[in-house]
Amino acid sequence: MNKAKRIIALLLTAVMMLGLFGCSGLVRLARCITSTVMNDSNPQTTEKPVPTAEARATEIPTEAPIGEPTAEPTAEPTEAPLVLTEEQKAAEAAFWALDEALFIDTATGDITALDQYCEDPAAFGIDEATVPVTLGEFTEEANNEWIAECKVWREKLDAIDRDLLRPQLQFAYDTYCRYFDMEIESADWFYCYEPLDEYVGLHMNMPLFFGLYSFKDEKDIENYLTLLADMPRYFGQVLAFEQKRADLGLFMTEQMLDVILTDLQTVADSGETSYLHGTFREAMEKQEYLSAEQREAYIAKNDELVRTKWVEAYRLLHDGLEKLRPKCRARIGAFEQGGMAYDYYCWKMKAESANNRTVEEEIRFLENCNSTIYSVFISAAMNCYEDLVAGKSITAGSLEADEAYLKTLMPQIVPPMPDVEVTYTEVPKELQDSFSPAAYMTPALDGYHHNIILTNPKDQENYSMSTLAHEGFPGHMYQFVYQYNLGTIPKFQLMIESNGYAESWSTNSEWNIAQINKKYGTDLAMATFLNEYFGNILVTICSLKVNGQGASIKDIKSYLGNWGLDSYAKDFYDYAIDMPIYFFKYTGGFCELFDLTNRCCKGDKVAFFKEYLHWGPGYFDLLNERMDAWAKEQ
């Protein structure tokens, strides 16, 4: 939606991109296709995709956490051994066994899941030959099977005595219970989910999924070609899903349909020129185990599939969606739609923000946070007004130089992480118009030493050092690397990380860096960041008012008038209608950790974030309990 590159003149807007990271049952069918990129897009500029992410030894410990001893940088201090009773040992053994079963079940659902979670399946005791080579199933039947599985997993959790677990595992246990409870609750809302989001939808993630496919051996090549040939079947299921949504009155608005159709047409028209021809050829030239004849045969097969199956899938979806135009829903919010649309909105709000608040509670929380942000923004802006208005750049001019400077700042904020490789790769040309300045590719559980950050050469006007702080140092990449390397967080807990939790870390990384960015001026760095997030939070609040309380565009105009922004009422209302949930992971996530830090950090941020990260991904109301208790002990 390029209708407003800058919605707010007063507030300079942001960028980042995370798609479907922690996937819900409604999204699990497309879990790994839509969860490989932390593509952080803020629609107020031109924006960002995401897949699900997340080896360590598969042996299940009875007293110690998973994994081998961690690298020195993130190793925990040596403590006296914890003496457990036999009952406690049995309870913990049962929990670790359940975690392992959940990990195996999730990772072996299909080959896309396996590739997403495991760089070396054999290290986890997984026989790759037993895993189905398909893109998965996007059907109501498959979702019903998943919900049934969730109920079984929930019963198995109930069979474990939570009180016998140590605090770290109690937190994981509580997180699993909440996760499965929410999945089960979502059973009736399957068709409320929209897989074709403008920035992080399936149609946007597929080109990245294939373009960045990893080839370790000839089996990977065969799998890639099989998956490419599976595209028409899979997109056919997505189309059938959208047809059912249309029959239920849940289909996208006509304005959004036009945007999605344009994206689909762009890919469909690139059959002969698609970058998938070049990326595959380049990858094959690196496979030294292939003979020249084998290499050319595989290249020819890929070229044929891109010209036929790839194009066929995108045209099928494009033409099928166009026929649904008469069934586009009215431009009204979830509250006015009522029924399952409203129930789903309230559920999704909690899922994306990783909390358990009602609509009214969330509005109050965000408004309180925004009031604080506004006060700090005004103070900082007054000290750098000319630079702020002039749009002074906060970057050394290159990713490498910005990375080097950010690394000098990180020791003031976060614990050290192990040395890892980082590769900067340009996003494919077909996606540059709707892609953010940068995006982080989430690694496999055992592949976190090799990281990829995608960059968009066509959107460098929106790039700043804050972008790299969000995606890498100390944003998404740091969080994944640090927590994966700890070796103490259960594997399934890492796999179900929510969007809100992930984005809370990356957005607060921008903020924490801004506060100590003396090279470019802390006032300018803080004002620039807060300027953008003040606007984003207002968009989220307006979505809550429209979709959660039934506010009209007139109501939104009146509300924005409090900030002198009433002329932007239509833009804010449009976002509430066309992208009602999109901002929650960013704004809700940011405010959660922002509030938690202000409440519990007594000055030593390294100690605070070390404690915060060691608990692992979870829901903020659960994290708040642990962090509040920790703060009282300091």
Side-chain angles (χ1 to χ4, degrees), residues 12-19 36-42 45-50 53 199 208 211-212 275 279 282 391-414 416-429 431-443 447-482 502-503 505-521 524-525 528-529 532:
L12 314 173
T13 322
V15 182
M16 289 291 123
M17 180 175 185
L18 204 184
T36 301
V37 188
M38 306 268 356
N39 185 7
D40 302 290
S41 303
N42 273 322
T45 57
T46 310
E47 291 75 13
K48 321 174 185 187
V50 174
Y199 299 108
L208 289 171
L212 297 171
Y275 78 97
T279 53
E282 182 179 345
K392 183 179 178 181
S393 179
I394 303 178
T395 174
S398 73
L399 289 164
E400 292 73 18
D402 285 346
E403 175 186 326
Y405 181 57
L406 288 170
K407 285 181 175 178
T408 68
L409 300 179
M410 285 169 58
Q412 301 177 53
I413 307 169
V414 295
M417 71 174 184
D419 290 332
V420 295
E421 294 179 3
V422 184
T423 300
Y424 297 104
T425 302
E426 288 190 1
V427 69
K429 290 182 179 179
L431 301 179
Q432 290 178 5
D433 285 339
S434 54
F435 205 81
S436 63
Y440 173 62
M441 296 288 296
T442 57
Y448 64 89
H449 287 96
H450 311 286
N451 297 272
I452 296 175
I453 293 179
L454 299 175
T455 63
N456 185 0
K458 200 168 184 177
D459 195 19
Q460 288 311 292
E461 66 177 271
N462 288 315
Y463 169 81
S464 72
M465 185 178 293
S466 186
T467 305
L468 191 57
H470 181 113
E471 302 297 347
F473 306 92
H476 287 309
M477 189 190 74
Y478 172 89
Q479 182 227 317
F480 279 96
V481 169
Y482 185 88
E503 290 304 329
W505 180 264
S506 58
T507 52
N508 275 273
S509 292
E510 294 182 71
W511 169 236
N512 288 317
I513 286 293
Q515 293 178 85
I516 56 174
N517 191 344
K518 296 182 179 179
K519 183 176 182 179
Y520 299 93
L524 178 61
T528 300
F529 173 80
E532 121 199 345

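Note that the numbering runs from 1 along the sequence shown for the chain.
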Specify the closest pair of heavy atoms between [X] and [Y], including all atoms of both residues, with the distance to one decimal.
{"X": "Ala502", "Y": "His476", "answer": "O-CE1, 3.6 Å"}
{"X": "Val481", "Y": "Pro418", "answer": "CG1-CG, 3.8 Å"}
{"X": "Thr395", "Y": "Met465", "answer": "CB-N, 4.2 Å"}
{"X": "Gly397", "Y": "Asp402", "answer": "N-OD1, 4.3 Å"}

Heavy atoms, side chains only, cut-off 4.5 Å: are [X] and [Y] in contact?
{"X": "Tyr424", "Y": "Glu400", "value": "yes"}
{"X": "Ile413", "Y": "Ile516", "value": "yes"}
{"X": "Tyr478", "Y": "Met410", "value": "yes"}

- Query: By side-chain contact (heavy atoms from CB on, under 4.5 Å), which residues pair with Glu421, not counting sequence neighbours?
  - Reply: His450
Is a side-chain N or O of [X] found less than 3.5 angstrom from the main chain of [Y], in a donor-acceptor match?
{"X": "Asn456", "Y": "Ala438", "value": "no"}
{"X": "Asn512", "Y": "Asn508", "value": "yes"}
{"X": "Glu510", "Y": "Ala469", "value": "no"}
{"X": "Thr279", "Y": "Tyr275", "value": "yes"}
{"X": "Trp505", "Y": "Pro474", "value": "yes"}
{"X": "Tyr520", "Y": "Ala396", "value": "yes"}
{"X": "Thr408", "Y": "Tyr405", "value": "yes"}

- Query: Going through the checks in order, is the side-chain contact (heavy atoms from CB on, under 4.5 Å) test met by Phe473 and Val422?
  - Reply: CA-CA 11 Å; Phe473 306 92; Val422 184; 3.9 Å; yes
- Item | Test log, rule side-chain contact (heavy atoms from CB on, under 4.5 Å), inputs Tyr463 and Leu468 | CA-CA 8 Å; Tyr463 169 81; Leu468 191 57; 3.8 Å; yes
- Item | Check against side-chain contact (heavy atoms from CB on, under 4.5 Å), Thr425 and Ile453 | CA-CA 6 Å; Thr425 302; Ile453 293 179; over 6 Å; no
Spacing of [atom1] belonging to [X] relative to [atom2] belonging to [Y], to within rounding of 0.5 Å:
{"X": "Tyr448", "Y": "Met417", "atom1": "OH", "atom2": "CE", "value": "11.5 Å"}
{"X": "Ser466", "Y": "Leu406", "atom1": "OG", "atom2": "CG", "value": "9.0 Å"}
{"X": "Gln479", "Y": "Ser506", "atom1": "CD", "atom2": "OG", "value": "8.0 Å"}
{"X": "Ser509", "Y": "Met477", "atom1": "OG", "atom2": "CE", "value": "11.0 Å"}
{"X": "Ile452", "Y": "Thr442", "atom1": "CD1", "atom2": "OG1", "value": "10.5 Å"}

- Any chance you could lay out the side-chain contact (heavy atoms from CB on, under 4.5 Å) test for Thr423 and Asn451, step after step, and finish with the verdict? CA-CA 6 Å; Thr423 300; Asn451 297 272; over 6 Å; no
- Message: Using the side-chain hydrogen bond (donor to acceptor under 3.5 Å, both in side chains) criterion, which residues pair with Thr507? Sequence neighbours excluded.
- Response: none
- Only counting residues at least two apart or in another chain, list the ones meeting side-chain hydrogen bond (donor to acceptor under 3.5 Å, both in side chains) with Lys519. none
